[in-house]
Amino acid sequence: QVQLVESGGGLVQAGGSLRLSCAPSGRTFSIYSMAWFRQAPGKEREFVATIAGNGGSTVYADSVKGRFTISREYAKNTVHLQMNSLKPEDTAVYYCAARRSITIATSEGQYSYWGQGTQVTVSS
């Protein structure tokens, strides 16, 4: 069983930055591809970004491309989501997800493990 612990959410003004972190526990980090999803109030959960187990491939949602960066820090067994140029429409609960595969996926149904979520609020 993989447990995911997210951190780094908070309140920020439009144009600001935040960095989310996710630390999976209990398993070999590199065999899991990791992703971030988000869910805004009244909306379905949507894909944000994903990174392959070896860190070699990344995919981003069009809405965050050029502003967000997903990365892996193997020494700390952690995946990060650096969010720059934040907009009010980025306000959501952000979820870290993991799947036991080195390949990436953008559908939430392909992820077996989920964190509890961290709130990101961007004020205008």
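For clarity, every value in this text was computed on a predicted model and none was experimentally measured. For the numbers below, each heavy atom of this structure counts, side chains included, while hydrogens, waters and symmetry mates do not.
- Taking 4.5 Å as the limit, some side-chain heavy atom of Arg38 sits within range of a side-chain heavy atom of Ser63.
- Annotation for Leu11: hydrophobic cluster partners, listed by chain and number, are none (ILVMFWY side-chain heavy atoms under 4.5 Å, direct or chained).
- Cys22 and Pro24 get closest at one heavy-atom pair: O-CD, 3.6 Å.
- Between atom CZ of residue Arg99 and atom OG of residue Ser107 there is a gap of 9.5 Å, rounded to the nearest 0.5 Å.
- Between Leu4 atom CG and Gln116 atom CD the span is 10.0 Å, to the nearest 0.5 Å.
- Under the 4.5 Å side-chain criterion, counting only non-hydrogen atoms from C-beta, Met83 is not in contact with Val64.
- By the 4.5 Å side-chain criterion applied to Ile, Leu, Val, Met, Phe, Trp and Tyr, Ile104 is assigned to a cluster that also includes Phe37, Phe47, Val59, Val93, Tyr95, Tyr111, Trp114.
- When each of Thr106, Ile51, Thr50, Thr69 is checked for a side-chain contact (heavy atoms from CB on, under 4.5 Å) with Tyr60, only Thr69 meets the rule.
- Judged by distance alone, with hydrogens and angles left aside, the side-chain atoms of Tyr94 form no donor-acceptor pair with the main-chain N or O of Val48 at under 3.5 Å.
- Residue Arg67 comes nearest to Ser85 through the heavy atom pair NH1-O, 3.0 Å, listed as atom of the first residue, atom of the second, then distance.
- The two residues Val79 and Cys96 have their closest heavy-atom pair at CG1-SG, 4.2 Å.
- Checked by atom type and distance alone, the side chain of Thr121 never pairs as donor or acceptor with a backbone atom of Thr91 at under 3.5 Å.
- A salt bridge between Asp90 and Lys87 is absent, with no side-chain N of the basic residue lying under 4.0 Å from a carboxylate O of the acidic one.
- Panel note: side chain Ser33, backbone Thr103; a donor-acceptor pair is recorded below 3.5 Å.
- How far CH2 of Trp36 is from CG of Leu20: 4.5 Å, rounded to the nearest 0.5 Å.
- Listed here is the closest heavy atom pair of Leu18 and Gly8: CD2-O, 3.9 Å.
- Minimum interatomic distance between Ser124 and Ala14 (heavy atoms only, all atoms of both residues): CA-CB, 4.4 Å.
- Residue Glu46 qualifies as enclosed at atom CD: its count of foreign heavy atoms under 6.0 Å is above 12.
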- Item | Worked verdict on Ile70 versus Thr58 for side-chain contact (heavy atoms from CB on, under 4.5 Å) | CA-CA 7 Å; Ile70 189 170; Thr58 57; 3.8 Å; yes
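- Nearest heavy atom pair, residue Glu6 against residue Gly117, reads OE1-N, 2.7 Å.
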